[in-house]
Protein chains: 2
Amino acid sequence: METTTTHQGDQQRSADQRRRELLEAADRVVLRDGPQASMNAIAAEAGITKPILYRHFGDKSGLYRALAKRHTDGLLAALRAAIDASSDRRERVEHTLDTYLAAIEARPQVYRFLMHPAEDSHQSEQGFDVGRHTAPLLRRLGEELGKVIAERVDLGPGGGELARIWAHGIVGMMHGAGDWWLGERPCSRAQLVRSLADLLWGGLSVAEDRPGSPGF
Amino acid sequence: METTTTHQGDQQRSADQRRRELLEAADRVVLRDGPQASMNAIAAEAGITKPILYRHFGDKSGLYRALAKRHTDGLLAALRAAIDASSDRRERVEHTLDTYLAAIEARPQVYRFLMHPAEDSHQSEQGFDVGRHTAPLLRRLGEELGKVIAERVDLGPGGGELARIWAHGIVGMMHGAGDWWLGERPCSRAQLVRSLADLLWGGLSVAEDRPGSPGF
DNA sequence: GACTGCGGTTACCGGTAGTAACATGCGTGC
DNA sequence: GCACGCATGTTACTACCGGTAACCGCAGTC
């Protein structure tokens, strides 16, 4: 079975390359048609037909997962760099927020695809995974940020748990505010970054009550 | 055309009632099958066939919007009550967080449906609404909370903008952390509420650096 | 020259959203 | 009494989706 080693190698290399080509074609279609790009459309863009896609990626969610992994890895790398770019904690937070917002601003279609990678088939039949609504991207961001917080900030005993909670909260805040901002553009990116950092710095707790506000 | 007033009224009333019945049937199916409940299944549950559904609701997203409105209204009412239930601001925030989390904990299927009401067809053809990924529920929650903050907390000049930013950030935090918590259940609800409130109260800014952490 | 493996195709399956066209029962005008 | 709207309901269809089975043709090998 070793008589065709070099040929096997060629085949392997060309298969990987083919896969990369297909992913790039899929990328173009998703960028154009959004998250509901069809397998037919992707195959057509790649100049082939459906069954080949299925041979390479198994099913639609497989293709989408491969596609999402590429972009997610890129965004994660950018965020890690932002976290390490400065030494002051406040600056660090602002840089991270700004990097995320700049990314979703620059390529909103990609961002949208990452958040809704496919409504994803008919997974577990029973109970259909009650949680798990959030995109994998946000989970990964939360876990990564949780690690960073846990290892750099002293939160006392049980700080690991707390770090994860805060991390997922912060990621959610970033996502929620970012999505709203992207839709309405009510202010500049810098303004949004500063405001969110202020919020995290306890802005809500130190502000004064409104004169006529009830109860306070 | 006024000769049939009473009859018209009867028709109208019965049409509204029919609509309500259909929504209840749809509710049962969505609760059972999740967000990808089909129109056929809903029609069958209601004891009728598809075209009637379409006559009442236009299309699938119309039905889903009507369904979502009901639940959203309910949740919003509960949250408003929570906001008004106490006078201390910190308590208010904790009550609000807890009410939201209790709701998604009690009926995760409904929650999940509200967050993914239908991946929503092929709306605007071109550009497909770059933002607008977030569920309408979250938008509404953000706007409502923004109003409450703006009218009760004195944020100085331009405070209205800031209130909206903070509101959408807080809602995002609640949603992100809540979704993660619902999936992994890493701690009690009370613990999560306290931790998130601590985060909003500036916990991240006042914590000490870890001894060996780089840069700080 | 027959054989085999692999990239590629056509043609299909089951199920989805959505629609057209036909049927049927009820109250009203003449 | 009877034809007319008119709303309610049905069956039967289109068009498309994800996914698959079966076949086709061409490399390279024995």
Side-chain angles (χ1 to χ4, degrees), chain A residues 1-22 25-26 29-30 33-67 116-123 125, chain B residues 1-22 25-26 29-30 33-67 116-123 125:
Chain A
M1 79 274 269
E2 284 301 319
T3 57
T4 55
T5 305
T6 62
H7 176 54
Q8 289 273 36
D10 284 6
Q11 291 297 94
Q12 189 59 33
R13 195 181 52 72
S14 108
D16 280 9
Q17 188 167 340
R18 198 91 185 88
R19 188 186 160 95
R20 233 169 295 131
E21 287 171 20
L22 296 185
V29 176
V30 164
D33 296 352
Q36 58 268 84
S38 81
M39 294 298 267
N40 260 325
I42 293 172
E45 170 72 28
I48 49 158
T49 51
K50 267 194 300 178
I52 308 183
L53 280 184
Y54 284 95
R55 284 223 258 265
H56 276 270
F57 300 103
D59 63 355
K60 181 170 183 168
S61 88
L63 198 171
Y64 275 36
R65 253 182 286 123
L67 210 50
H116 275 295
E119 194 60 14
D120 221 19
S121 61
H122 29 334
Q123 37 204 21
E125 307 207 6
Chain B
M1 80 272 270
E2 282 301 318
T3 58
T4 55
T5 305
T6 62
H7 174 54
Q8 289 274 36
D10 284 7
Q11 290 297 92
Q12 189 59 32
R13 195 179 52 71
S14 107
D16 281 8
Q17 188 167 340
R18 198 90 185 89
R19 189 186 160 97
R20 232 170 294 133
E21 287 172 21
L22 296 185
V29 177
V30 164
D33 296 352
Q36 59 267 83
S38 80
M39 294 298 266
N40 258 326
I42 292 172
E45 170 72 28
I48 50 159
T49 51
K50 268 193 303 178
I52 307 182
L53 280 184
Y54 284 94
R55 283 224 257 267
H56 276 270
F57 300 103
D59 63 355
K60 183 169 181 167
S61 87
L63 198 171
Y64 275 35
R65 253 181 286 123
L67 209 50
H116 276 298
E119 196 62 16
D120 219 18
S121 59
H122 28 337
Q123 35 205 23
E125 307 207 5

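In what follows, every chain begins at residue 1, and chains take the letters A, B, ... in the order their sequences are listed. Source: prediction; values computed, not measured.
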Open item on the list: Using the rule given for side chain to side chain contact (heavy atoms under 4.5 Å, CB included), can you reason through A:Val30 versus A:Gln36, listing the C-alpha separation, both sets of side-chain angles and the distance that settles it, and then say yes or no?
Closed with: CA-CA 8 Å; A:Val30 164; A:Gln36 58 268 84; over 6 Å; no
- [ ] Take the C1' atoms of the five end pairs on each side of the helix from C:dG1-D:dC30 to C:dC30-D:dG1, get both axes, and report the angle to 10 degrees.
- [x] 40°
TODO: Side chain of B:Thr49 only, please: which of C:dT10, D:dT11, C:dG18 is the nearest?
DONE: D:dT11
TODO: Provide, to the nearest angstrom, the distance between the CG atom belonging to B:Asp59 and the P atom belonging to C:dT19.
DONE: 8 Å
Task: Separation of C:dG18 P from B:Ile52 CD1 (nearest whole Å) - done: 16 Å
Task: Nucleotide D:dG18, atom P - distance to CZ of A:Phe57 in whole Å - done: 15 Å
Task: Heavy-atom check, side chain of A:Ile42 versus side chain of A:Lys60, under 4.5 Å - done: no
Open item on the list: Any heavy-atom pair between the side chains of A:Thr49 and A:Met39 that's under 4.5 Å?
Closed with: no
TODO: Write down the distance between CG (A:Asp33) and P (D:dG18), rounded to a whole number of angstrom.
DONE: 11 Å
Task: Spacing of B:Asn40 atom CG relative to C:dT19 atom P, expressed in whole Å - done: 14 Å
Open item on the list: With a 4.0 Å limit, can you tell me whether B:Arg18 has a side-chain N or O closer than that to the phosphate oxygens OP1/OP2 of D:dG9?
Closed with: yes
- [ ] May I have the distance from A:His56 (atom NE2) to C:dT9 (atom C1'), rounded to whole angstrom?
- [x] 15 Å
TODO: Take atom CG of B:Leu22 and atom C1' of D:dG9, then tell me their distance rounded to the nearest Å.
DONE: 12 Å
Task: Closest listed nucleotide, where the reference is the side chain of A:Ser38 and the choices are D:dC17, D:dT20, C:dA17 - done: D:dC17
TODO: Check the distance between D:dA7's P and B:Ile48's CD1 and give it to me in whole angstrom.
DONE: 17 Å
Task: Residues B:Arg18, B:Ile48; criterion side chain to side chain contact (heavy atoms under 4.5 Å, CB included); working and verdict - done: CA-CA 11 Å; B:Arg18 198 90 185 89; B:Ile48 50 159; 3.4 Å; yes
Open item on the list: Of the listed nucleotides (C:dG8, C:dG18, D:dA21), which one gets closest to any side-chain atom of A:Pro51?
Closed with: D:dA21
TODO: Kindly say whether A:Pro35 contributes a backbone atom to a donor-acceptor pair with the side chain of A:Tyr64 at under 3.5 angstrom?
DONE: yes
Open item on the list: When you measure only distances, ignoring hydrogens and angles, does the side chain of A:Arg55 come within 3.5 Å of the base of C:dG8 through a donor and an acceptor?
Closed with: yes
Open item on the list: Using a distance-only criterion (donor-acceptor N/O pair, under 3.5 Å, no hydrogens), is the base of D:dG19 paired with the side chain of A:Lys50?
Closed with: yes
Task: Pairwise side-chain contact, A:Phe57 with A:Leu22, heavy-atom cut-off 4.5 Å (strictly under) - done: yes
Open item on the list: Quick test of your reading: applying salt bridge (charged side-chain N to carboxylate O under 4.0 Å, His left out), list the pairs with at least one residue in residues 49-58 of chain A, sequence neighbours left out, ordered by first then second residue.
Closed with: none
